[in-house]
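Since the structure comes first, as structure tokens, the remarks are kept for the end.
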Amino acid sequence: MTDTTQPLAGIRVVEFSTMITASLATMMFAQQGADVIKVEPPGIGDPMRWLGSQKGGISGLFHNCNQAKRSITLDLKSPADVATARQLCLQADLVIHNYRPGVMDRLGLGSAALRDEKPELVYCAITGFGHEGPLASRPAYDHVMQAMAGFMTLQGHPSGFAYVKTLICDKVTAYTAAQAITAALFARERSGSGQHIDLSMLESCIAFLWPDGGMHLTLKGEDVAHGAPFADYYQLPLRSTDGAIAYAAMTDAHWDAVFDLVGRPDLKAEERYKGLANRSVHMAELASIIAGEKPNLTSAEMVAMLASNDVPTAACLSLEDLPTDQQALAMGIFEQCEHPLLGPVQHVTPPARFGGRKLAPCGPSPALGEHGEAILAELAARPQP
């Protein structure tokens, strides 16, 4: 491969899924050059097509998780369509699904059956709660997983419960799946053998949350000196006359600049706020004191004052602000293009740069079953495994 901007060129993926977890993972592969075939049921297809703002059977959410893929509709209750799905799988490098345990096995599309015939196949099964335990057969959606994995208690710290108002658990699982699959494909390059990957939302989300969220539960024994959890550092933002700013003060010099900004230089003399160790113990009260102040300054003025003292800081932006933000523009984060069915669309470009360059613009999200005839023609033309 000579084109470093397409690191997964030549990889074929067959995706059986609904909603985010598998769809977002495979879109990352598609953006990196893989040929991703999305198998959808006839009728409404992936229900994600109809959630939120949508036009002609493609929602903004669906587009943001399914760019550059090809869609085929197959009725997995039909033996003939199941046979077609099996042929697709046996001509793929990766098969991925997020169905409940046992569904793909009953269809004859499980990992063992396919990999017995094609040992080099990488197969990823995403579940909510794994294959063991009392919850293994239950459905899992982001709201439920936020509750069970500890997100809601962390967000509502110290005494309440609150959602993270984005599909955080779905997306964390997608990124975890993408990393695991890439590792399996790399191992296959060395060994020639594929492998089965089991991945649950619950494990993915707890592992994601644990490094900081579980830091006070990591060290065991009576001799542990506990500091403030990172949740204490996330108090209310500092209000300005036209909005709010966030700041991340770590050193004494950072905090002195914050104290000056809010008109509380007296706090510099407080012993319990001097030094990292003391602040760690008293962080909740310190952050609360600062959040209660409201300097008579704009966000831009406050950011400039803190930035001049090298304090990490930024104004609180809305999603609507982002496409015109000067930093986002300089980095080329957003892209506008014409979709053949949707007309003008705006989406975020892939964040990873390969060979120092952003990936080339990828293809549009597909209409339901849009590529079915072409995929079936390719299937017929290829030698059967």
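Values in this document were obtained by computation on a predicted structure and should not be read as measured data.
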Say whether, by atom type as modelled, one donor and one acceptor occur between the side chain of [X] and the main chain of [Y] under 3.5 angstrom.
X	Y	value
Thr313	Ala246	yes
Asn278	Lys274	yes
Trp50	Ser59	no
Lys118	Ala92	yes
Lys69	Val36	no

Can you label the angle between the His339 ring and the His63 ring as parallel, tilted or perpendicular, going by 30° and 60°?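 His339 and His63: perpendicular rings.
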State, to 0.1 Å, how close [X] and [Y] come at their nearest heavy-atom pair, and which atoms those are.
X	Y	answer
Pro101	Gly130	CG-O, 3.6 Å
Glu15	Asn66	OE2-OD1, 4.3 Å
Arg353	Lys358	NH2-CE, 3.6 Å
Gln6	Gly33	OE1-CA, 2.7 Å
Asp170	Asp142	N-OD2, 3.0 Å
Arg49	Pro366	NH2-O, 3.0 Å

Do [X] and [Y] pair up side chain to side chain, a donor and an acceptor below 3.5 Å, judged on atom types alone?
X	Y	answer
His254	Asn309	no
Asp46	Thr18	no
Glu203	Ser200	yes

Count the heavy atoms of every other residue, nucleotide or ligand shown that sit under 6.0 Å from [atom1] of [X], and state whether that count exceeds 12.
X	atom1	answer
Met331	CE	no
Tyr175	OH	no
Asn296	CG	no

Aromatic Phe259 / basic Arg264 pairing, under 6.0 angstrom, 45° off normal: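 Output no; distance or angle outside limits.
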Please name the residue in the list Ile11, Thr182, Leu8 that meets the side-chain contact (heavy atoms from CB on, under 4.5 Å) test with Gln32.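 It is Leu8, the one option of Ile11, Thr182, Leu8 that forms the side-chain contact (heavy atoms from CB on, under 4.5 Å) with Gln32.
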From Lys38, Met48, His97, residue fulfilling side-chain contact (heavy atoms from CB on, under 4.5 Å) relative to Ser17: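 Only match with Ser17 under side-chain contact (heavy atoms from CB on, under 4.5 Å): Lys38.
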Would you check, one step at a time, whether the test side chain to side chain contact (heavy atoms under 4.5 Å, CB included) holds for Leu199 with Thr127? CA-CA 6 Å; Leu199 193 76; Thr127 59; over 6 Å; no
Hey, could you give me the [atom1]/[atom2] distance between [X] and [Y], rounded to the nearest 0.5 Å?
X	Y	atom1	atom2	result
Met152	Gln146	CE	CD	7.0 Å
Met283	Leu276	CE	CG	8.0 Å
Ser288	His282	OG	NE2	14.5 Å
Leu342	Ser365	CG	OG	5.5 Å
Gln31	Thr349	CD	OG1	8.5 Å
Leu306	Glu301	CG	CD	12.0 Å

Residues that Tyr163 engages under ring pair (Phe, Tyr, Trp, His ring centres under 6.0 Å), provided they are two or more places apart: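 Here the qualifying residues are His143.
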Salt bridge (Lys or Arg N to Asp or Glu O under 4.0 Å) against Arg188, all qualifying residues, sequence neighbours excluded: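 Asp93.
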Quick one: side chain to side chain donor-acceptor pair (under 3.5 Å) pairs with a partner in residues 71-81, sequence neighbours left out?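 Output for this query lists Glu40-Ser71.
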Return each pair, listed once, that meets side chain to side chain donor-acceptor pair (under 3.5 Å) where at least one residue sits in residues 369-380; pairs must be two or more places apart or across chains.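 For residues 369-380, and leaving out neighbouring residues, the side chain to side chain donor-acceptor pair (under 3.5 Å) pairs sorted by first residue read Arg12-Glu378, Arg70-Glu378.
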Non-hydrogen side-chain atoms of [X] and [Y] separated by less than 4.5 Å:
X	Y	value
Asp35	Ile37	yes
Phe129	Met145	yes
Pro295	Ser240	no
Leu202	Leu135	no
Arg86	Leu114	yes
Leu94	Ile181	yes
Ser193	Pro119	no
Ile197	Tyr123	no

Please test Asp242 against Thr298 for side-chain hydrogen bond (donor to acceptor under 3.5 Å, both in side chains), starting from the C-alpha separation and ending with a verdict. CA-CA 6 Å; Asp242 59 353; Thr298 66; 4.8 Å; no
Residues that Thr218 engages under side-chain contact (heavy atoms from CB on, under 4.5 Å), provided they are two or more places apart: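 Per chain and number, Thr218 pairs via side-chain contact (heavy atoms from CB on, under 4.5 Å) with Trp210.
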[X] with [Y], same ILVMFWY side-chain cluster at under 4.5 Å:
X	Y	value
Val122	Leu24	no
Met19	Tyr99	no
Leu359	Met28	no

So which residues get pulled into Phe208's cluster when ILVMFWY side chains under 4.5 Å apart are joined, directly or through others?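 Grouped by the 4.5 Å side-chain rule, Phe151, Leu154, Val164, Ile168, Val172, Leu209 form the rest of the cluster around Phe208.
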Does the side chain to side chain contact (heavy atoms under 4.5 Å, CB included) test come out yes or no for Leu297 and Leu261, once each step is laid out? CA-CA 9 Å; Leu297 298 166; Leu261 174 69; 3.7 Å; yes
Check step by step if side chain to side chain contact (heavy atoms under 4.5 Å, CB included) holds for Phe16 and Ile96. CA-CA 6 Å; Phe16 301 85; Ile96 182 172; over 6 Å; no
Please determine whether a side-chain nitrogen of the Lys or Arg among Arg239 and Glu293 lies less than 4.0 Å from a carboxylate oxygen of the Asp or Glu.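 No, this pair does not count.
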Regarding Asp252 and Arg279, does a basic nitrogen lie under 4.0 Å from an acidic carboxylate oxygen?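 Judged by the 4.0 Å cut-off on N to carboxylate O distance, Asp252 and Arg279 do form a salt bridge.
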Ile290/Tyr247 under side chain to side chain contact (heavy atoms under 4.5 Å, CB included): CA gap, chis, key distance, verdict: CA-CA 11 Å; Ile290 300 302; Tyr247 65 94; 3.2 Å; yes
For Arg272 and Glu285, what are the C-alpha separation, side-chain angles and deciding distance, and is it a salt bridge (Lys or Arg N to Asp or Glu O under 4.0 Å)? CA-CA 10 Å; Arg272 63 184 182 276; Glu285 64 185 64; 2.8 Å; yes
